[in-house]
Amino acid sequence: METIRLLVDNNSNSEKSYTQAVDLLNNGEVVAFPTETVYGLGAVATNDRGVKKIFEAKGRPSDNPLIVHIGTIEEVANFIEEIPENALKLMDTFWPGPLTLIMKAKPGILAPSVTAGLTTVGMRMPDHEVALDLLRKLKKPVAAPSANRSGKPSPTKAEHVEEDLKGRIPLILDGGATGIGIESTVLDITVNPPVILRPGGVTKEMLEEVIGEVIQPTKLQEKLDSTPKAPGMKYTHYAPNAPVYLIESDQMTVSEAISKLSNKGEKIALLAPLSFENLGADFFFPYGEEGDQEMMSSKLYDDLRACDKTQATIILATTTSIQGVGAAIMNRLEKAAGGNWYK
Ligand code: TXA
Ligand code: MG
């Protein structure tokens, strides 16, 4: 299959690109598009044939449910049995934006593969002009996971989607680099207090300001079986080809690690703040200024992917505090590293 990439900006050709995307979606095909978090790979959420193509293109396990994207808050009622009061407050405050709400689905409306056998569904309204234009022209819900091959870092640029899915999907709407760079917060609002299944751009603190207590399970709690989790969080994630090791964000520690690893003949890629540039790593990918977590989240997946274009045999990634959006960044870094720290 030929994969076409179409730029969508404010030029006059954009209308044609949207029409092409809408036609493909209506015909049960998949289309990749940008959101404010990462690129998504969408299909009409009521079309099981289309949704199955998402799983095929990504190589995604079929027990991992998809997020349903909508263009207006009113549409939620079409798919949700009973919208909790708290959910309405959160939609009012954070939509459009990087917050996915897990609620009880009305049976028999969404394609069965969207919910992967669960009685609940995650919904969100993305805060990106291209995504919203597409949804509002289509006037249908779009099921969309991140547009990467399963296991790889999520795509934050159309080029990343091409790297992973060229030849497997018909169309990529190219809206440039996404802003936030890591996926939405997933909040299970079917339980009380609500539980964060995946940390993201909307933090625990931000949620609590609107609805009161919210649980963010610790790593230990996540390991205990009784704690609810997003099915997808159990799979390998965000993994470049070379092994990733987490390391404290301290120049002495990193410098010593680089010397030791170099002596062993390793080729080292370093992901760290700008000020770590001259510590002798073979390849250096700066997160931005030390402590700039917004920059770090927007660059993280691009940096992890860039390591695959080098001869690095090992990747060292410095960590950040788990305050605010740092919780989401550390969640992704820990998964990319498979929990491994440099010792
Ligand atoms: O920012 C995002 O959320 C992006 C963009 C494209 O919107 N999408 C995204 O989708 O990250 P995906 O499929 O890569 O991740 C969705 C996560 C998975 O971990 C999945 O298991 C979980 O949300 N999830 C989806 N529906 C769920 C449900 N009903 N109950 C529990 N977890 C659910
Ligand atoms: Mg994903």
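One-based numbering, in listed order, for ligands and for the atoms of each.
- When each atom of ligand 1 is checked for a heavy atom of Ser146 under 4.0 Å away, the hits are 8 (N), 9 (C), 10 (O), 12 (P), 14 (O).
- Evaluation of the ring pair (Phe, Tyr, Trp, His ring centres under 6.0 Å) rule for Tyr287 yields no partner, not counting sequence neighbours.
- Residues forming a side chain to side chain donor-acceptor pair (under 3.5 Å) with Ser14 (at least two apart in sequence, or on another chain): Asn11.
- Those atoms of ligand 1 that come under 4.0 Å of a heavy atom in Arg124, given as number and element, are 1 (O), 2 (C), 3 (O), 5 (C), 7 (O).
- For residues 45-54, every residue pair satisfying the side chain to side chain donor-acceptor pair (under 3.5 Å) rule, not counting sequence neighbours, is listed here: Glu29-Lys53, Asp48-Lys52, Asp48-Ser113.
- Nearest protein neighbour of atom 6 (C) of ligand 1, counting heavy atoms only, is Gly40 CA, 3.6 Å.
- The distance between the ring centers of Tyr39 and Phe33 does not fall below 6.0 angstrom.
- Comment: Lys152 engages Asp308 in a salt bridge, judged by a side-chain N to carboxylate O separation of less than 4.0 angstrom.
- Listed by chain and number, Ser146 OG are the protein N/O/S atoms closer than 2.8 Å to the Mg ion (ligand 2), with waters left out.
- Scanning Arg198, Glu183, Arg60 for the heavy atom closest to atom 13 (O) of ligand 1 points to Arg60.
- The number of heavy atoms from other shown groups lying within 6.0 Å of CD (Glu81) is above 12.
- Comparing Pro145, Ala144, Pro126, Ala105 by heavy-atom distance to atom 12 (P) of ligand 1, the nearest is Pro145.
- Residue contacts with ligand 1, taken as heavy atom pairs separated by less than 4.0 Å, do not involve Thr115 at all.
- Ranking protein heavy atoms by distance to atom 32 (N) of ligand 1, first place goes to Pro231 CD, 3.3 Å.
- With a 4.0 Å cut-off on non-hydrogen atoms, Thr120 touches ligand 1 through its backbone as well as its side chain.
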